[in-house]
Amino acid sequence: MSIRVRFAPSPTGYLHLGGARTALFNWLFAKRKGGTFILRIEDTDKVRSTDEAVLAIIRGLEWLGMNWDEGPKITIDQHKVVIEEVGKHKPYFQMKRLELYRKYAEKLIEDGKAYRCYCLPEELEEMRKKASQEKRPPKYDGRCRSLIGGDENRYIDEGRKPVVRFKTPQEGVTEFEDIVRGKVSFQNNLLDDFVMLKSSGSPIYNFAVVVDDHEMEISHVIRGDDHISNTPRQILLYEALGWKKPQFAHVPMILGSDGSRLSKRHGATSLEYYENEGYLPEAMVNYLALLGWATEDSQQIFDIEELKEKFSLERCAKSAAIFDLQKLLWMNGEYIRKMKPDELTTEALPFIIKENLVQGDTDEEVRQWVENVLTEAISLEQEKIKLLKDIPYLISYMLKEDLENEDYEEEVKEKVLKVSGVKQILSDCRDRLVKLEDFSEEKIEKEVRSYAKESDKKTGKVFHPIRVAVSGRTRGPGLFALLSFLGKEKVLKRIDYTIKNFL
RNA sequence: GGCGCCAUCGUCUAGUCUGGUUUAGGACGCUGCCCUCUCAAGGCAGAGAUCACGGGUUCAAAUCCCGUUGGCGCUACCA
């Protein structure tokens with residue numbers, strides 16, 4: 001039997017971290033087993049579902065590099081976004097499948113396994129209120145289970161629109177073997193006759209999933225463990241319809257720092273936010289994979305291929321995981337450090353553009369500049385970059401032609417420059433640097449070091465003022481690489497500027 | 001309230017099924033030292049877990065059994 005899994009978000013907002021992690025586990029499982037990964041949109045909540053959310057979900061999955069074999073895909077046609085459905089079980093939007101749910105609901109009614117219920121919302125509310133007063137569980141009492149023709153006709157004449165309820169067996173136990181949790185069982189008499197079809201004709205989650213998972217030949221249902229309590233209802237439906245059940249795997253949820261369900265209160269939860277901050281999709285995938293899954297040796301860094309190879313549901317944790325931004329940040333730094341300079345530059349470019357740091361008038365000029373200047377500047381700072389977003393600030397002084405007063409950090413002027421002897425050091429070094437024909441890292445280092453030695457100064461005493469004079473900051477790349485990168489002209493200009501204005 | 005799921009350093013987790021090899025291992029974060037022109041990175045060291053609690057079983061329990069507590073979830077014409 002072929003492996004088919006699905007990610008089935010409801011498009012009520014951006015792609016959530018928890019959703020992304022669930023999608024990832026499904027995708028990895030499919031990849032590992034050579035199976036099919038399907039995207040299905042559960043948009044039966046008409047009020048909260050939006051097209052933008054569908055787009056955000058699709059974009060998020062694409063950003064992370066998870067490709068799906070069946071489901072809606074986005075294509076751009078003459079600058080217009082077009083959603084095209086791909087796969088043998090289309091459509092993949094539940095609102096386009098209403099006929100199907102109605103058909104199976106009808107079948108269950110005919111088989112005497114479901115019935116129409118004409119109770120009004122107010123009546124149900126009343127029922128629940130009474131139940132809670134009498135300290136009984138708020139369970140629908142099944143009063144419409146065996147409506148006789150006359151009563152039913154009366155309701156219809158009143159204009160009531162019925163819902164369809166499932167006739168939940170009131171005896172026995174429903175159990176299933178969960179791949180991550182083992183055996184889970186529920187007493188049937190605790191379940192009530194839940195609604196399958198709303199009076200509007202659209203299905204309720206528990207019914208729609210079953211119909212779609214069956215129709216789409218889903219072999220493994222991998223989802224958050226908030227669905228564990230829904231599973232018996234779904235199993236009862238599979239049995240009533242005479243369908244083969246899929247295997248279930250309930251993976252632990254992702255929680256916020258205080259241990260409660262991850263929400264805006266805990267900071268950003270949308271994948272898009274992390275993209276905009278300059279996290280790399282590879283780092284995100286790696287981090288998310290480790291939330292609820294680990295190998296025996298607790299390996300931390302996995303590339304995608306390795307993940308596809310090693311992932312297994314059996315090794316998933318059972319307990320919920322708290323999202324830890326610190327660790328994600330560390331991991332992002334790890335991935336940034338591993339990148340080739342030109343790759344990193346490509347990723348950084350949108351952030352550079354956003355800060356208006358791009359130089360060059362024609363495309364060709366820009367290309368040259370990126371290749372000759374930008375890439376070099378970024379790689380000087382590569383080892384300390386944690387977020388792509390931080391790059392513009394880190395290298396801004398390297399890209400500017402001239403530094404101005406505000407480019408020099410205030411406290412730095414006081415602490416480093418306005419120290420006795422600094423003026424002498426800077427002008428001495430200037431005199432030596434000006435004579436250098438070859439402004440290479442090695443030559444500069446040799447020259448500056450020998451100055452320090454000859455004038456009997458500690459290297460730091462000499463290096464530090466130069467760094468500040470040339471960058472306006474106390475932190476930065478190795479000094480000689482930096483000087484060489486800037487070039488003789490800029491270095492001399494900046495030293496002169498510093499001497500003239502701050503000393 | 002009822003039912004279900006879960007419970008190892010602050011956090012992610014390994015170890016639990018198949019009890020002894022564990023003075024409970026790794027990673028993030030934290031502290032210190034080394035390297036060093038700064039910041040990082042790297043190296044080394046350290047603090048940090050009465051394995052939620054209480055009972056049992058056993059020569060031996062983080063590991064098996066029972067109970068308790070806590071967290072989360074479901075209990076909607078939300079998904």
Side-chain angles (χ1 to χ4, degrees), chain A residues 8-12 42-45 47-49 94 117 119-121 124-125 128 131-132 135-140 161-165 178 181-182 184-187 190-192 194-206 208-209 224-233 250 252-253 255 257 259-261 287 290-301 315 317-331 333-334 337 381-386 394 416 445 448-449 452 458-464 466-468 471 473-480 482:
Chain A
S10 62
T12 54
E42 310 217 325
D43 55 353
T44 56
D45 183 346
V47 183
R48 295 191 301 150
S49 298
Q94 290 186 325
C117 165
C119 294
L120 264 13
L124 295 172
E125 188 48 45
R128 271 192 289 269
S132 85
K135 294 202 162 81
R136 284 184 292 109
K139 203 177 133 181
Y140 177 70
K161 286 250 198 291
V163 300
V164 177
R165 285 184 185 271
D178 190 285
R181 295 167 198 267
V184 182
S185 73
F186 295 81
Q187 213 74 58
L190 266 8
L191 269 26
D192 67 357
F194 58 89
V195 174
M196 294 161 41
L197 240 39
K198 304 179 202 174
S199 53
S200 66
S202 56
I204 277 302
Y205 167 75
N206 279 310
V209 235
D225 72 12
D226 46 339
H227 286 301
I228 229 173
S229 306
N230 283 321
T231 309
R233 290 180 246 275
H250 288 97
M253 310 231 303
L255 271 24
S257 47
S260 68
R261 206 175 184 140
Y287 177 69
L290 253 24
L291 241 33
W293 174 80
T295 52
E296 194 170 359
D297 59 0
S298 291
Q299 181 181 339
Q300 300 294 314
I301 304 292
R315 287 204 60 88
K318 296 180 177 66
S319 53
I322 290 173
F323 181 76
D324 180 10
L325 195 62
Q326 293 262 45
K327 186 160 179 180
L328 207 212
L329 201 59
W330 162 77
M331 195 163 278
E334 289 286 303
R337 255 169 262 126
E381 286 289 271
Q382 181 162 2
E383 61 192 7
K384 76 165 79 70
I385 300 168
K386 289 246 192 302
L394 252 17
V416 182
E445 175 158 14
V448 178
R449 278 192 190 279
K458 278 183 144 172
T459 52
K461 281 273 180 230
V462 177
F463 296 174
H464 213 43
I466 299 177
R467 168 188 306 289
V468 171
S471 71
R473 304 177 188 177
T474 55
R475 330 166 124 193
L479 182 63
F480 313 110
L482 175 62

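What you see is a predicted model, and the numbers here were worked out from it, not measured in a lab. First the proteins, then the strands, lettered A, B, ... as listed; each starts at 1.
Nearest nucleotide to the A:E296 side chain, out of B:A14, B:G73, B:A79: B:A14. Side chain of A:L190, nearest nucleotide from B:G4, B:C77, B:G2: B:G2. Ranking B:A41, B:A79, B:C74 by closeness to the A:R337 side chain, first place goes to B:A41. For A:D226, taking side-chain heavy atoms from C-beta onward, the closest of the listed nucleotides B:C77, B:C39, B:G73 is B:G73. The side chain of A:S298 sits closest to B:U13 out of B:U13, B:C3, B:U38. With distances taken from any side-chain atom of A:I204 to the nucleotides B:C78, B:U11, B:G4, the minimum falls on B:C78. Listed candidates were B:C3, B:C78, B:C37. Nearest to the side chain of A:D45 is B:C78. Distances were taken from every side-chain heavy atom of A:T459 (C-beta onward) to each of B:C12, B:C78, B:C37; the shortest belongs to B:C37. Side chain of A:Y205, nearest nucleotide from B:G4, B:C28, B:A79: B:A79. Nearest nucleotide to the A:S319 side chain, out of B:C6, B:G1, B:A79: B:C6.
Pairing of B:G32, defined by two Watson-Crick or G-U wobble distances under 3.5 Å, is identified with B:C44. Base pairing of B:C39 is not made with any nucleotide, judged by Watson-Crick or G-U wobble geometry with both donor-acceptor distances under 3.5 Å. Remark: B:C78 base-pairs with no nucleotide; criterion is Watson-Crick or G-U wobble with both hydrogen-bond distances under 3.5 Å. B:G54 is paired with B:C66 under the Watson-Crick or G-U wobble criterion, all donor-acceptor distances under 3.5 Å. Nucleotide B:C17 is matched to nothing when pairs are restricted to Watson-Crick or G-U wobble geometry with both distances under 3.5 angstrom. Under the Watson-Crick or G-U wobble criterion, with both distances below 3.5 Å, B:A60 has no partner in any strand shown. B:G71: Watson-Crick or G-U partner is B:C5, with both key distances under 3.5 Å. With both pairing distances under 3.5 Å, B:U22 is matched to nothing as a Watson-Crick or G-U wobble pair.
Distance CZ (A:F323) to P (B:C28): 17 Å, rounded to an integer number of Å. Distance, A:K135 NZ to B:U75 P: 23 Å, rounded to whole Å. Spacing between atom OH of A:Y140 and atom C1' of B:G2 amounts to 20 Å, rounded to whole angstrom units. Put simply, CG on A:D178 is 13 Å from C1' on B:C6, counting in whole angstrom units. Put simply, CD on A:E383 is 13 Å from P on B:U38, counting in whole angstrom units. Remark: P of B:C74 and CZ of A:F186 are 12 Å apart, rounded to the nearest angstrom. In this structure, the CE atom of A:M253 is 6 Å from the P atom of B:G73, given to the nearest Å. Rounded to a whole Å, the CD atom of A:Q299 is 16 Å from the P atom of B:G26.
Put simply, A:T44 has a side-chain N or O that comes within less than 4.0 Å of OP1 or OP2 on B:A79. Distances shorter than 4.0 Å separate some side-chain N or O of A:R449 from OP1 or OP2 on B:C37. For B:U75, the OP1/OP2 oxygens have no side-chain nitrogen or oxygen of A:R136 closer than 4.0 Å. Phosphate proximity of B:C78 to A:K198: present, with a side-chain N or O under 4.0 Å from OP1 or OP2.
The separation of B:U11 from B:A52, taken at their P atoms, amounts to 13 Å, rounded to a whole angstrom. Distance check on atom P: B:A49 versus B:U8 gives 14 Å, rounded to whole Å. Look at the C1' atom in both B:U21 and B:A61: the space between them is 15 Å, to the nearest Å. Between the C1' atoms of B:U22 and B:C51, the separation comes to 11 Å (whole Å). Taking atom C1' on both B:G55 and B:C12, the two are 32 Å apart, rounded to the nearest angstrom. Nucleotides B:U31 and B:U50 are separated by 24 Å at their C1' atoms, to the nearest Å. For the C1' atoms, the distance linking B:U68 with B:U23 amounts to 31 Å, nearest Å. Nucleotides B:C65 and B:C5, compared at atom P, are 14 Å apart to the nearest Å.
Nearest heavy-atom pair across A:S319 and A:P252 is O-CB, 3.1 Å. Pairing each heavy atom of A:S10 with each of A:E42, the nearest pair is CB-O, 3.1 Å. For the pair A:N206 and A:F194, the tightest heavy-atom approach, listed with the atom from each and the gap, is CB-CE1, 4.5 Å.
Using a distance-only test at 3.5 Å, with no hydrogens or angles considered, no donor-acceptor pair links the side chain of A:Q326 to the main chain of A:L328.
The base of B:A79 sits within donor-acceptor range of the side chain of A:N230, with an N or O pair under 3.5 Å. Interface remark: the A:R181 side chain does not form any donor-acceptor pair with the B:C5 base, using a distance-only criterion of under 3.5 Å. Below the 3.5 angstrom threshold, one finds a donor paired with an acceptor across the side chain of A:S199 and the base of B:C77. Side-chain atoms of A:K318 and base atoms of B:C6 include no donor and acceptor less than 3.5 Å apart.
A:I228 comes within 4.0 angstrom of the backbone, heavy atoms only, and of no base. Within the 4.0 angstrom heavy-atom criterion, only backbone atoms of the sugar-phosphate kind lie near A:V195; the bases stay farther away. Using a 4.0 Å heavy-atom cutoff across all strands shown, A:G292 reaches sugar-phosphate atoms only and no base atom. A:H227 comes within 4.0 angstrom of a nucleotide base, judged by non-hydrogen atoms across all strands. Residue A:Q326 is classed as a sugar-phosphate contact, given heavy-atom separations below 4.0 Å to backbone atoms only. Using a 4.0 Å heavy-atom distance criterion, A:G476 is classed as a base contact. Heavy atoms of A:S185 sit under 4.0 angstrom from primed sugar atoms or phosphate atoms, though from no base atom. No engagement by A:P9 is indicated, since no non-hydrogen atom pair under 4.0 Å with the nucleic acid exists.
Projected onto RNA chain B by closest heavy-atom contact, A:D225 and A:A317 fall at different nucleotides, the more 5' of which corresponds to A:A317. Judged by closest nucleotide on RNA chain B, A:L290 is the one of A:L290 and A:K384 placed further toward the 5' end.
Taking the side chain as every heavy atom from C-beta outward, A:V209 and A:H227 never approach each other to under 4.5 Å. At a threshold of 4.5 Å between non-hydrogen side-chain atoms, the residues A:D225 and A:R181 count as touching.
Under the 30°/60° scheme for interplanar angles, the aromatic rings of A:F323 and A:Y287 are found to stand perpendicular.
Judged as a salt bridge (charged side-chain N to carboxylate O under 4.0 Å, His left out), and not counting sequence neighbours, A:D43 has no contacts.
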Exercise for the section: Evaluate the side chain to side chain contact (heavy atoms under 4.5 Å, CB included) criterion for residues A:C117 and A:Y140: first the C-alpha distance (whole Å), next the side-chain angles of each, then the deciding distance (0.1 Å), finally the verdict. Expected result: CA-CA 11 Å; A:C117 165; A:Y140 177 70; 3.2 Å; yes
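Checked against the 6.0 Å centroid criterion, the rings of A:F463 and A:F480 qualify as a close aromatic pair.
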